[in-house]
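Notes follow the structure.
Letters A, B, ... mirror the listed sequences (proteins, then strands); counts begin at 1.
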Amino acid sequence: ALAARRFDEDFWENAEEILISADVGLPMSVEVVEAVKTRLTALKVKEPEEALQAFKDVVAEKLSVGETGIKFNPDGVTVILVVGVNGTGKTTTIAKLANYMHEQGKTVILAAADTFRAAAIEQLEVWGERVGVHTVKHRPGSDSAAVAYDAVEAAQARGIDAVIVDTAGRLHTKVNLMEELRKIKRIVERKVPVTEVLLVLDATTGQNGLIQARQFKETVGVTGIVLTKLDGTAKGGIVVAIEHELGIPIKFIGVGEKMHDLLPFDPTGFAEALFS
Amino acid sequence: SLTDRLQDVFKRLRGHAKLSEKQVQEVMREIRLALLEADVNFKVAKEFVSQVQERAVGQEVLQSLTPAQQVIKIVNEEMVELLGSKENAVNFSGKLPVTIMLIGLQGSGKTTAAAKLARHLKSKGRSPMLVAADVYRPAAVEQLKVLGEKIGVEVTGSANQKPLDIVEKAVKAALKAGHDTVIIDTAGRLHIDSEMMQEISQIKKRFKPQEILLTVDAMTGQDAVNVALAFKEQVDFDGIVLTKLDGDARGGAALSMRAVTGKPIKFASVGEKLEDLEPFYPDRMASRILG
Ligand SMILES: Nc1nc2c(ncn2[C@@H]2O[C@H](COP(=O)(O)OP(=O)(O)OP(=O)(O)O)[C@@H](O)[C@H]2O)c(=O)[nH]1
Ligand SMILES: Nc1nc2c(ncn2[C@@H]2O[C@H](COP(=O)(O)OP(=O)(O)OP(=O)(O)O)[C@@H](O)[C@H]2O)c(=O)[nH]1
Ligand SMILES: [Mg+2]
Ligand SMILES: [Mg+2]
């Protein structure tokens, strides 16, 4: 590309390294660089500052897939199923999301469907109390799908707008655990469609994040991503590859451990932070 | 796999008596690609590849009859050597109770690892006590208590006390009850949270743990280097516990952290059950990283 020749090899190598160090991954970084080169040629750009803006624009555009915001069920209870591998921040995100929806005037109850991990139910209950929403729970070790089903039934009985279902962390490589997730969704859908399946992804995750997204999407159909722990130093660049390949929108980002540390996803802000 | 890819490259380059600089770079690029794919930090990958190149060129393997195999052999050897360490044992010397502290980012697997270590040490004839010093996360103390109950290990701590006081009480109680080991679970924290980093520095200063272990999730990407360096510089630690190795993350973070901090990886956590803790095997890790 003609414009590319105005910038030397070092410039493009440096740009590629910024992307790689942000966990964008090598193949996607190459793709972004190519897209920028094309754009700079078309715009006849000469200044490095303008090139930087082109990088931010290309990344922001790649992340502007799909609709953000929770998709509500027009004819009944809105069910939000929250999934992801171990320790990514699902339970905490649910608390933040319940608070967010509460502040938007929605009534919400929580389903403690992680019946496996030590003190998982207690953890969600404490959060529920802090937010001011009810938590439906069974005994530890009981059937996760039954908890989710009961929560939807309770929401229907009381005219509650939404149920957010907390599930146990699970590695996408564990076939039986992924099958359990399918079962939870299937059982709930006997009552109402699950309008939102949120995959909670840790921003510190590297290339495995793309594999996680592929697997969870294939198993239970992911409608949105919440990218957590962006208050750390990790950039979460793997979402660029995820959105590019799978078209799953990022709906929210987690920026801390408190109830209010949840923000709607902003592609421009994300691209800005990636290059800062 | 990297072997296949290198074989393809060498197939294309066959018939050349001596590889040009550009052709050597083509071979090295495949290795760098494999490392980046495996989440090895890009600076560490660059350095590693240049070392491999030096050896490969120096040993003239690139012109040999089986160049791909020879290059892979060098890559594997370099990686096993870098990942390995002679200091993999837990330090049990010094006055009782031996104190072990787990630190790390949020969700990396500290609480589970603490319980696993307690179970492991108990099976080796030691008498551990678990200390729940995470007073922030909802039901963190309960979590450790439930795990402790499963393995018959006493757990002290409560969310209404300060971490320093919890540890002080625990050490006294341990000595009184005849426990020879105290394992401290701390709250997950960001390496850029100076207050929280101060907290574990203070615990270290006052109680001088014989072993401070940094738990790191095996799926951590490029940021692993920043995290490990920060924990080393602000608190310092003795070893790493790499967690969630039962997944399919390649685990390149292990190579990055070892290269940049020089700290050994002491344990591998390979599942959610309390028996899922293994010593770290550098050769297995090298094969995993190389795919
Ligand atoms: N700094 C930071 N910490 C977070 C964020 N989200 C969650 N955490 C922390 O990450 C840790 C794990 O959060 P959980 O909500 O328990 O994660 P989980 O996915 O439910 O974990 P499992 O159920 O065990 O799989 C906790 O210490 C949270 O406080 C975030 O956006 N920023
Ligand atoms: N599959 C798998 N899961 C693990 C492993 N180690 C821990 N976990 C799971 O990862 C999640 C987080 O583990 P915790 O022990 O709560 O992590 P933590 O570092 O104490 O979290 P915070 O205290 O919030 O910082 C839990 O769901 C654990 O069961 C492992 O080796 N393999
Ligand atoms: Mg949880
Ligand atoms: Mg913990």
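What you find for A:Ala118 and B:Val146 is that their closest heavy atoms are CB-CG1, 3.7 Å. Shown here for A:Asn86 and B:Lys244, the closest heavy-atom pair between the two residues is O-NZ, 2.9 Å. The two residues B:Gln222 and A:Asp23 come nearest to each other via the heavy atoms N-OD1, 2.9 Å. Closest approach of B:Leu36 to A:Gln207, counting heavy atoms only: O-CG, 4.0 Å. When all heavy atoms are compared, the tightest approach of A:Ala119 to B:Ala139 is CB-O, 3.8 Å.
The most heavy-atom pairs under 4.5 Å with chain B, out of A:Ser21, A:Gly25, A:Ala95, come from A:Ser21. Chain A forms the most heavy-atom pairs under 4.5 Å with one residue out of B:Gln106, B:Arg32, B:Arg250, and that residue is B:Gln106. Taking chain B as the reference chain and counting heavy-atom pairs below 4.5 Å, the highest number among A:Thr88, A:Asp231, A:Val126 is found for A:Asp231.
Only the side chain of A:Ile211 has a heavy atom closer than 4.5 Å to any heavy atom of chain B. The part of B:Leu190 that comes within reach of chain A is its side chain, from C-beta onward, which places non-hydrogen atoms under 4.5 angstrom from that chain. For A:Glu16, the part lying under 4.5 angstrom from a heavy atom of chain B is the side chain only. Using a 4.5 Å cut-off between heavy atoms, B:Lys273 makes no contact with chain A at all. Residue contact with chain B, scored on non-hydrogen atoms closer than 4.5 Å, involves the side chain of A:Glu257 exclusively. Using a 4.5 Å cut-off between heavy atoms, B:Asp193 does not touch chain A at all. Neither the backbone nor the side chain of B:Leu144 comes within less than 4.5 Å of any heavy atom in chain A.
For the pair A:Lys174 and B:Glu272, the salt-bridge criterion is not met [side-chain N within less than 4.0 Å of a carboxylate O].
In the displayed structure, B:Glu149 atom CD is contacted under 6.0 Å by at most 12 heavy atoms of other residues, nucleotides or ligands. Around the CD atom of A:Glu179, the shell of radius 6.0 Å holds more than 12 heavy atoms that belong to other residues, nucleotides or ligands. Annotation for A:Lys137: atom NZ does not count as buried by contact number, only 12 or fewer foreign heavy atoms lying within 6.0 Å.
Between B:Pro138 and A:Arg130 there is a side-chain heavy-atom pair separated by less than 4.5 Å. Looking only at side-chain heavy atoms (C-beta outward), B:Asp217 and A:Thr204 stay at 4.5 Å or farther from each other.
A side-chain donor from one of B:Asp223 and A:Thr233 sits under 3.5 Å from a side-chain acceptor of the other. At a cut-off of 3.5 Å, with distance as the only test, a side-chain donor of B:Asp248 or A:Asn208 sits close to an acceptor on the other residue.
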Next item on the list: Could you give me the CA-CA distance, side-chain angles and deciding distance for B:Met219 and A:Gln212, then say whether side chain to side chain contact (heavy atoms under 4.5 Å, CB included) is met?
Entry: CA-CA 10 Å; B:Met219 62 184 96; A:Gln212 290 173 28; 3.1 Å; yes

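Annotation: the span from A:Thr205 atom OG1 to B:Asp39 atom CG amounts to 9.0 Å, rounded to 0.5 Å.
The only member of A:Glu122, A:Arg117, A:Gln123 that meets side-chain contact (heavy atoms from CB on, under 4.5 Å) when paired with B:Gln143 is A:Arg117.
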